[in-house]
Amino acid sequence: MQIGEKSQAMKKVQEMKKEPRFTKRDTLVVKGIAILLMLFYHLFESGELLDKLNVDHRPFSQDTFLMLSGFGNICVALFVFLSAYGITKGLSAEESGETYDLCAALRGAWKRGLKLIGSFVVMYISVNLLWFSYFDYGKLYGSGWQGGMFGLLDMLGLANIFDTPTLNMTWWYMETALVIIFLIPLVYPAVKKAGRYLILPALLLPSVVQMDGDMARYYLVMLLGAVAAREGWLEKILTWKLKKCWKALLGLILLVLTVLVRQNFMVHSYFLWILDGPIALFLCWFAAEMLAGIPGLSQILAFLGRYSMNMFFVHTFFYMSLFREFIYSFRYAGLIFLVLTGVSLSYSIVLELIKSGGKLLFAHFYKKAHI
């Protein structure tokens, strides 16, 4: 390579580094926001619950408070969008020119899926070791080989796929997570060729293909995450030439409008499957543009994001099925929210430490066995 070509290449690399990116850290920040929205939504999702448990939600009126908690339901769309976005970015990075190796992509999906299932199994075992005395396994799973099979499917995170009994209704998301992992490599060639032009046909898809509740609700969010990743939508939005103050004002106005529109009764009843994708895209931009650069807050959100999946899967035991009285005994909505966040995060941190220790032990003994 000539000196001029080298300098030109180096200049191009430097320019790429200067360009705004939606980074892995930004993803963690959004995941942190998503898990906080989930906890808030699940804790305060109905007026009957607030009245029954005597929750003090001042300074907000009950209607305003329920509108805000209801908006927290966007959390799942954020996780779906980010998963599809991240997998698509990975597939784009692995491409060699115009060639797409579907077999290699599916091998990667198998590895990713097995890693997710493995992580879920560790969480399942930890829950059952700690709280086995609270569960009536015979009543839930049944007895004999049938009960064992139902328990095994639940432990692998596959209960929702086979519509079999589960210890925790929140674990339904494992089905969606696995669908995203294996479906994105299959639709990637179409996303690569058609991009945004897939969105209109996707809007018509429910008219010709019958889908179950979760897939019907989130397939468009998944597709939008893939298209946004392939076409670099977030990078393009982050390069808008506006002063920071105007971006902040615009972001806050859009955030308020997003909450008001999404929580409208008609919109919430009929159009969430269409709106949740664009809203997830907006919230990703808002987090990367407005929140990721705030010292302290961004670190806290990214830290929560790192443990968000474990928090997703265990928080239901704390606020609903096992320790409901303890969680709601704090009465004030802010305190209740902080306590649930704290105990869910603590459990998740300890679980990850145990997993890390287990990996180190396995690596140690594996190395000794092969010396």
Side-chain angles (χ1 to χ4, degrees), residues 22-24 26-28 30-31 34 76-124 152-164 170-195 198-199 202 205 209 211-234 277 280-281 284 305-306 308-310 312-313 352 355 359:
F22 187 75
T23 64
K24 289 184 179 180
D26 293 331
T27 299
L28 289 177
V30 178
K31 285 182 177 180
V76 175
L78 284 171
F79 284 120
V80 169
F81 184 92
L82 289 172
S83 296
Y85 186 94
I87 293 171
T88 305
K89 282 290 187 185
L91 292 173
S92 296
E94 291 167 7
E95 270 191 279
S96 177
E98 292 296 314
T99 306
Y100 174 62
D101 190 341
L102 178 59
C103 291
L106 288 175
R107 283 196 297 270
W110 270 104
K111 290 178 183 178
R112 197 176 291 111
L114 289 174
K115 183 179 179 182
L116 174 63
I117 290 173
S119 182
F120 186 87
V121 167
V122 174
M123 182 277 304
Y124 180 93
L152 178 63
L153 289 172
D154 201 19
M155 182 177 71
L156 295 174
L158 305 177
N160 205 64
I161 293 176
F162 294 99
D163 198 23
T164 53
T170 311
W171 293 348
W172 68 265
Y173 185 74
M174 275 294 288
E175 177 187 27
T176 302
L178 289 169
V179 166
I180 295 169
I181 286 171
F182 286 101
L183 190 58
I184 292 297
L186 295 176
V187 302
Y188 178 77
V191 171
K192 179 183 174 182
K193 292 289 184 183
L198 286 173
I199 296 171
L205 193 61
V209 177
M211 295 183 241
D212 68 17
D214 298 331
M215 182 52 64
R217 173 77 182 273
Y218 294 113
Y219 84 92
L220 195 61
V221 179
M222 188 192 328
L223 178 63
L224 205 65
V227 173
R230 179 63 193 179
E231 300 200 345
W233 286 356
L234 281 168
L281 175 65
C284 286
R306 190 171 293 111
S308 58
M309 189 57 74
N310 284 334
F312 190 150
F313 288 139
E352 287 303 314
K355 284 161 64 176
K359 288 177 183 176

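Since the structure is predicted, the reported quantities are computational estimates derived from the model, not experimental observations.
Inter-residue side-chain proximity for Phe22 and Thr27 is flagged as met; some heavy-atom pair is nearer than 4.5 Å. Side-chain contact check for Met174 versus Leu116: some heavy-atom pair is nearer than 4.5 Å. Looking only at side-chain heavy atoms (C-beta outward), Val76 and Val221 stay at 4.5 Å or farther from each other. Within the 4.5 Å cutoff, no side-chain heavy atoms of Asp154 are placed close to those of Thr164. Between Leu183 and Tyr219, the closest side-chain pair of non-hydrogen atoms is not below 4.5 Å. Looking at heavy atoms from C-beta onward, Thr23 lies in side-chain contact with Asp26 at the 4.5 angstrom threshold. Met211 is listed as a side-chain neighbour of Leu205, based on a closest heavy-atom distance under 4.5 Å. Counting heavy atoms from C-beta outward, Leu106 and Leu186 have side chains that approach closer than 4.5 Å.
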Begin from the C-alpha positions of Phe79 and Ser308 and carry the test side-chain contact (heavy atoms from CB on, under 4.5 Å) through to its verdict.
CA-CA 10 Å; Phe79 284 120; Ser308 58; 3.8 Å; yes

Derivation and outcome, side-chain contact (heavy atoms from CB on, under 4.5 Å), residues Thr176 and Asn160:
CA-CA 9 Å; Thr176 302; Asn160 205 64; over 6 Å; no

Go through the steps to decide whether Val187 and Met222 satisfy the test side-chain contact (heavy atoms from CB on, under 4.5 Å), and finish with yes or no.
CA-CA 11 Å; Val187 302; Met222 188 192 328; over 6 Å; no

Please test Leu102 against Tyr188 for side-chain contact (heavy atoms from CB on, under 4.5 Å), starting from the C-alpha separation and ending with a verdict.
CA-CA 9 Å; Leu102 178 59; Tyr188 178 77; over 6 Å; no

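Evaluation of the side chain to side chain contact (heavy atoms under 4.5 Å, CB included) rule for Ala226 yields Thr88, Ile184, Val191 as partners, not counting sequence neighbours. Here Tyr218 pairs with nothing under the side-chain hydrogen bond (donor to acceptor under 3.5 Å, both in side chains) rule; sequence neighbours left out.
Atom OH in Tyr173 sits 5.5 Å away from atom CE in Met309 (nearest 0.5 Å). Here CD of Glu175 is found 7.0 Å from CE of Met215. Values are rounded to the nearest 0.5 Å. A distance of 12.0 Å separates CZ in Phe312 from NZ in Lys31, rounded to the nearest 0.5 Å. Here CG of Leu91 is found 10.5 Å from NZ of Lys192. Values are rounded to the nearest 0.5 Å. For the atom pair CD1 of Ile161 and CG of Leu153, the computed distance is 9.0 Å after rounding to the nearest 0.5 Å. With rounding to the nearest 0.5 Å, the separation of CZ in Phe81 from CG in Leu224 is 5.5 Å.
Closest non-hydrogen pair, Met155 versus Val121, comes out as O-CG2, 3.4 Å. Residue Ala280 comes nearest to Ala77 through the heavy atom pair CB-O, 4.1 Å, listed as atom of the first residue, atom of the second, then distance. Of all heavy-atom pairs spanning Lys355 and Val122, the tightest one is CG-CG1, 3.5 Å. When all heavy atoms of Glu231 and Gly195 are compared, the closest pair comes out as OE2-CA, 3.3 Å. Closest of all the heavy-atom pairs between Leu82 and Cys284 is CD2-SG, 3.8 Å.
Using cut-offs of 30° and 60° on the angle between ring planes, the pair Tyr124 and Trp171 is tilted.
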